Visitor: 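Mind looking over this structure? Questions follow.
All values derive from a computational prediction rather than experimental measurement.
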Amino acid sequence: MEDWSFFESYGIVAAALIVVAVLLVMRQKLRTSHAVDMTPEDTEPMYIPDIIETVKIGNAQTIGRRDEQDDYFSSSTTRIGTMAAIADGISGLSHGRMASTLAVTMFSREYLKVDDPADIPEYFHKAALISNRAIMEQLGGATGGTTLVVGIVSGGLLHWGAVGDSMIILFRDGEFIPINSKHTLETVLEEKYLSGEISKEEAKENPNRNQLVNYLGYGGFKSMEVGDPVSLQANDTIILCSDGVYDALTEVEMEQILMQGLPPQDAAEEMISLIERKSYKHQDNATVIILQMD
């Protein structure tokens, strides 16, 4: 009897091991089957469009003392975010109006094709190349060109691109934070001064220091400046403006307007109104767009 009990117990253990083995095989098959069904698209995080930020927009411009308004601007909001752009046709060259209008139109059109915030840097570079080519085709060998700044508020970030000397400025807690650099000889001279190549006087007294070294509409154009996205905070104010604005207004004057707590449209109009009241003899075209974060 003791021998039969031994074999009976041994059989129960063996059966249990077989059941466990079968379960392990079935689980492995289920895992393998699930992995085969997964596609690369399934494994990528899905972008869920959701504009969590609220952006208020204001804009204004003046022709200044010019014969033609060479500034052109636009803004638009899609499920990706809010885009604003200003182009300033080069006054010293012909066809400034055409160049600025074409550049902003191209950037606006290409922005409508962006369906993922991750594609924004590529959008900047692609739109710049398309714009440059289109402007050069229209010029047909004539001289001309435009500056351009573009900012996109998306997912709590400011994405930006720039070429030329128009500016993007962040106004936060009473301080102005320049976002892009000016693509002028002045910037090149400052870099040479800092590296010890030239003296401070040589940098300041160069008569061509305001000359553009990068803009849309010439054959030597390579690419636009595209920086890392800037994290935005509540109550941040983003200012896009042509040089006709920052050459005419001091930071103190701009701060006094912004600190009044005016709606962006009223603040933009107040800046342009102040420029016009100054009545500078050589006042350039001036355009400003203000984006206010809630």
Side-chain angles (χ1 to χ4, degrees), residues 47 51 53 55 71-90 99-100 102-136 145-172 176-188 190-191 212-233 236-243 246 287-289 291 293:
Y47 170 65
I51 301 175
E53 63 273 301
V55 183
D71 289 359
Y72 196 73
F73 67 96
S74 179
S75 63
S76 61
T77 298
T78 69
R79 65 187 183 86
I80 297 300
T82 297
M83 183 278 286
I86 290 179
D88 177 7
I90 300 173
S100 64
L102 196 50
V104 171
T105 300
M106 290 294 167
F107 270 80
S108 299
R109 189 183 69 181
E110 291 299 315
Y111 178 63
L112 298 179
K113 300 177 183 177
V114 179
D115 57 8
D116 190 325
D119 296 333
I120 291 176
E122 181 183 354
Y123 150 74
F124 285 139
H125 293 296
K126 180 181 178 182
L129 293 175
I130 291 174
S131 299
N132 187 63
R133 183 168 59 246
I135 293 169
M136 291 190 65
T146 185
T147 74
L148 182 135
V149 287
V150 56
I152 299 173
V153 176
S154 176
L157 298 173
L158 169 62
H159 302 263
W160 62 273
V163 55
D165 62 355
S166 294
M167 292 295 293
I168 304 174
I169 304 166
L170 179 63
F171 185 66
R172 172 181 291 169
F176 290 97
I177 304 171
I179 299 300
N180 63 303
S181 59
K182 296 179 185 177
H183 302 165
T184 62
L185 185 60
E186 178 183 14
T187 302
V188 177
E190 288 177 355
E191 292 173 352
L212 287 171
V213 295
N214 191 28
Y215 57 92
L216 297 172
Y218 80 109
F221 174 76
K222 300 298 182 183
S223 64
M224 73 188 306
E225 180 185 6
V226 177
D228 292 333
V230 179
S231 295
L232 295 172
Q233 301 177 6
D236 274 352
T237 298
I238 303 161
I239 304 162
L240 284 75
C241 62
S242 59
D243 60 345
Y246 64 72
T287 301
V288 61
I289 297 178
L291 304 176
M293 306 293 295

Visitor: Locate the shortest heavy-atom distance separating I168 from N180; write the atom from each residue and the value.
Guide: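 The answer is N-OD1, 2.7 Å.
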Visitor: Does M293 offer a backbone N or O that forms a donor-acceptor pair with the side chain of D236 under 3.5 Å?
Guide: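 No; judged by distance alone, with no hydrogens or angles, the pair does not exist.
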Visitor: Applying the side chain to side chain contact (heavy atoms under 4.5 Å, CB included) test to I80, which of D119, L112, I120 qualifies?
Guide: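 Considering D119, L112, I120, a side chain to side chain contact (heavy atoms under 4.5 Å, CB included) with I80 is found only for I120.
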Visitor: Find out whether E225 and W160 are in side-chain contact, i.e. whether some heavy atom of one side chain is under 4.5 Å from a heavy atom of the other.
Guide: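 Yes, close enough: below the 4.5 Å cut-off.
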Visitor: I'd like to check R109 versus M106 (side-chain heavy atoms, cut-off strictly below 4.5 Å). Are they in contact?
Guide: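 They are in contact (side-chain heavy atoms under 4.5 Å apart), so the answer is yes.
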Visitor: More than 12 non-hydrogen atoms from neighbouring residues, nucleotides or ligands closer than 6.0 Å to OH on Y72, yes or no?
Guide: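 No, the 6.0 Å shell around OH holds no more than 12 heavy atoms from other groups.
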Visitor: Do I152 and Y111 make a side-chain contact, defined as non-hydrogen atoms from C-beta onward lying under 4.5 Å apart?
Guide: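 The answer is yes; the side chains approach within 4.5 Å.
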Visitor: A side-chain contact here means heavy atoms from C-beta on lying under 4.5 Å apart; do N132 and Y215 qualify?
Guide: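 N132 vs Y215: side chains apart.
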Visitor: Between I289 and C241, does the side chain to side chain contact (heavy atoms under 4.5 Å, CB included) criterion hold? Intermediate values first, please.
Guide: CA-CA 6 Å; I289 297 178; C241 62; over 6 Å; no
Visitor: Side-chain contact, heavy-atom cut-off 4.5 Å: M167 with I239?
Guide: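 Sidechains of I239 and M167: no contact.
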Visitor: Closest heavy-atom contact between V149 and A162?
Guide: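 So the two residues come closest at CG1-CB, 3.8 Å.
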Visitor: Can you tell me how far apart CG (D228) and NE2 (H159) are? Round to the nearest 0.5 Å.
Guide: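 Between atom CG of D228 and atom NE2 of H159 there are 10.5 Å.
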Visitor: As an exercise, state the distance from OG of S223 to CG of L129, rounded to the nearest 0.5 Å.
Guide: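 One gets 8.0 Å once the value is rounded to the nearest 0.5 Å.
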Visitor: Mind running side chain to side chain contact (heavy atoms under 4.5 Å, CB included) on I135 and T146 for me, showing each step along the way?
Guide: CA-CA 9 Å; I135 293 169; T146 185; 3.9 Å; yes
Visitor: If you round to the nearest 0.5 Å, how far is CG of L102 from CG of L216?
Guide: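 Spacing of CG (L216) from CG (L102) equals 9.5 Å.
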Visitor: At what distance, to the nearest 0.5 angstrom, does NZ of K126 lie from NZ of K113?
Guide: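 Atom-to-atom, K126:NZ and K113:NZ are 5.5 Å apart.
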Visitor: Looking just at side-chain N and O atoms, do S242 and D88 make a donor-acceptor pair shorter than 3.5 Å?
Guide: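 No - no donor-acceptor pair under 3.5 Å links their side chains.
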Visitor: Hey, could you give me the CZ/CD1 distance between F171 and I177, rounded to the nearest 0.5 Å?
Guide: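 Reported value, rounded in 0.5 Å steps: 10.0 Å.
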Visitor: Roughly how far apart are T105 OG1 and E110 CD, rounded to 0.5 Å?
Guide: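 Spacing of OG1 (T105) from CD (E110) equals 11.5 Å.
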Visitor: Heavy-atom distance under 4.5 Å between the side chains of D243 and S166, does that happen here?
Guide: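 Sidechains of S166 and D243: no contact.
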Visitor: Can you list the steps and then say if D165 with H183 is a side chain to side chain contact (heavy atoms under 4.5 Å, CB included)?
Guide: CA-CA 6 Å; D165 62 355; H183 302 165; over 6 Å; no
Visitor: Would you mind reporting whether V226 and M224 have side-chain heavy atoms less than 4.5 Å apart?
Guide: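 Of all side-chain heavy-atom pairs linking V226 with M224, at least one is under 4.5 Å.
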Visitor: Assign the ring pair F107 / Y123 to parallel, tilted or perpendicular, where the plane angle (0 to 90°) is split at 30° and 60°.
Guide: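 Perpendicular: the ring planes of F107 and Y123 meet at over 60°.
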Visitor: Below 4.5 Å, heavy atoms only, C-beta onward: do V230 and I179 meet side chain to side chain?
Guide: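 Answer yes - side chains close enough.
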Visitor: Mind listing the closest non-hydrogen atom pair of S74 and V104 along with its distance?
Guide: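 Scanning both residues completely, I find the closest heavy atoms to be CB-CG1, 3.5 Å.
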